[in-house]
Amino acid sequence: MLHVPTLVANQQAPEDSVRPKLRVLLAAPRGFCAGVRRAIDAVRDALAVHGAPVYVRRPIVHNLDVVRSLEAEGAIFVEELSEVPAGSVVVLSAHGVAPAVLKEASDLGLRAFDAVCPLVAKVHREIERHHRRGRHVVIIGHHGHPEIEGTIGRLPKGAASVVSSIAEVEGLPLRREAPVAYAVQTTYSVDEAEGIVAALHARFAKVDGPSTSDICYATTNRQAAVREVAARADAVIVVGESFSSNAARLAEVASLLCPNVQLVARSNALDVGRLAQAKCVAISAAASTPESSVQAVISLLEERFCVSIEEIEAAREDTVFKRLAIANLD
């Protein structure tokens, strides 16, 4: 949906004849993906069924505005399950967890609902299948990311390795003939993943991989969309948290095509001075970023510029995941 510029009454904005003109290209798709919507809905459904408080282990998605909104509705976010009172309802994040976390929830007497994204769960099934067939699993992703921790935690220690660069592929302590399979973090850079997969094929005699890409449709589409608009803009604004993997990847992709890229979580972090010479600005948003954050950035631009907006659609998204069943277990 296109944003319709408005002026708030008594707003101290320059007249149109004074404000410099700025063309804004809105990347589409942008913002929430189906997995993020499903996870947020899971917390809200748990609150509706069980009442507040509902506990959430770690950020349900990587966006502080989303977290704060859910806190206002009665959710309590914790780092570890040991912080949750026995008998409480707890929702586990969209990034996925190791089976040990689910066991811990059971041992602590918690009513746990796993809001793992179905596309992350697909990766979990793949690596478990490769392990059963005797292959060492190489997971392409960012060390320490929650999705990677949850994925590698599904296999015995030493059965999988995490790599984030071609150099790390070269350093794997495996013989060339070792049976190897790979999986990819769902929010990883498409281009970087291709390079690392090529390095795996060069390093090992036989490499098995997923039948379809592990990188989720939303990541692929948002990277394609930002690539489309960045090539046509003087500056790019990616709206998302700095600790969000998919937001950081969008900024990286944009920076390959445009030298002036800002990654901002909210409008007050935007350096408008860096847009002073721009005639055209592109805007995209991470899969965990609410559209309200994008509109806040646009509103700020409208205060400084005479803005015209064009939405550039790189792909059409109609994916919807079935809501998580939040049963009343009493």
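Along the sequence shown, residues are numbered consecutively beginning with 1.
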For this session: For the pair V24 and F305, evaluate side-chain contact (heavy atoms from CB on, under 4.5 Å) and give the outcome as yes or no after the intermediate values.
Result: CA-CA 10 Å; V24 171; F305 302 93; over 6 Å; no

Salt bridge flag under 4.0 Å for residues [X] and [Y]:
| X | Y | answer |
| --- | --- | --- |
| E128 | R125 | no |
| K206 | D208 | yes |
| R249 | E252 | yes |
| E126 | R154 | no |

Is the [X] to [Y] ring centre distance short of 6.0 Å?
| X | Y | answer |
| --- | --- | --- |
| H142 | Y188 | yes |
| H131 | H136 | no |
| F113 | H50 | yes |

For this session: Could you check whether the rings of H95 and H145 sit parallel, tilted or perpendicular, using 30° and 60° as the cut-offs?
Result: perpendicular

Problem set entry | R316, CZ: over 12 other non-hydrogen atoms inside 6.0 angstrom | no

For this session: Assess whether atom CD of E177 is packed by more than 12 heavy atoms of other residues, nucleotides or ligands within 6.0 Å.
Result: yes

Heavy-atom check, side chain of [X] versus side chain of [Y], under 4.5 Å:
| X | Y | answer |
| --- | --- | --- |
| I148 | I139 | yes |
| E291 | F32 | no |
| R304 | R19 | no |
| D41 | V43 | no |
| F243 | P59 | no |
| T186 | T219 | no |
| R227 | D191 | yes |
| Y55 | V89 | no |

Looking at [Y], is its backbone amide N or carbonyl O close enough to the side chain of [X] to form a donor-acceptor pair, meaning the two atoms are under 3.5 Å apart?
| X | Y | value |
| --- | --- | --- |
| N246 | A287 | yes |
| R203 | L172 | yes |
| E83 | E80 | yes |
| R30 | A27 | yes |
| R266 | S293 | no |
| T151 | E147 | yes |
| R232 | A282 | no |
| N221 | A315 | no |

For this session: Please answer: with hydrophobic residues joined when any side-chain heavy atoms are less than 4.5 Å apart, are I326 and V90 in the same cluster?
Result: no

Problem set entry | Cluster link V120 to I60, ILVMFWY, side chain under 4.5 Å | no

Mind checking the [atom1]-[atom2] spacing from [X] to [Y]? Nearest 0.5 Å is all I need.
| X | Y | atom1 | atom2 | value |
| --- | --- | --- | --- | --- |
| L119 | S213 | CG | OG | 10.0 Å |
| R274 | N260 | CZ | CG | 4.5 Å |
| C280 | K21 | SG | NZ | 14.0 Å |
| S284 | L263 | OG | CG | 10.5 Å |
| Q262 | S255 | CD | OG | 13.0 Å |

Exercise. Taking it one step at a time, do R58 and F77 satisfy side-chain contact (heavy atoms from CB on, under 4.5 Å)?
Worked result: CA-CA 6 Å; R58 313 282 173 85; F77 287 81; over 6 Å; no

Exercise. Passes side chain to side chain donor-acceptor pair (under 3.5 Å), Q185 versus D214? Steps please.
Worked result: CA-CA 7 Å; Q185 181 179 330; D214 285 337; over 6 Å; no

For this session: Could you give me the CA-CA distance, side-chain angles and deciding distance for R44 and L70, then say whether side-chain contact (heavy atoms from CB on, under 4.5 Å) is met?
Result: CA-CA 8 Å; R44 289 185 168 138; L70 293 173; 3.8 Å; yes

For this session: May I have the step-by-step check of side chain to side chain donor-acceptor pair (under 3.5 Å) for H143 and E168, ending in yes or no?
Result: CA-CA 12 Å; H143 297 271; E168 289 183 347; 3.1 Å; yes

Exercise. After noting the C-alpha distance and the side-chain angles of L110 and L81, does the key distance pass the side-chain contact (heavy atoms from CB on, under 4.5 Å) rule?
Worked result: CA-CA 9 Å; L110 306 177; L81 294 179; 4.1 Å; yes

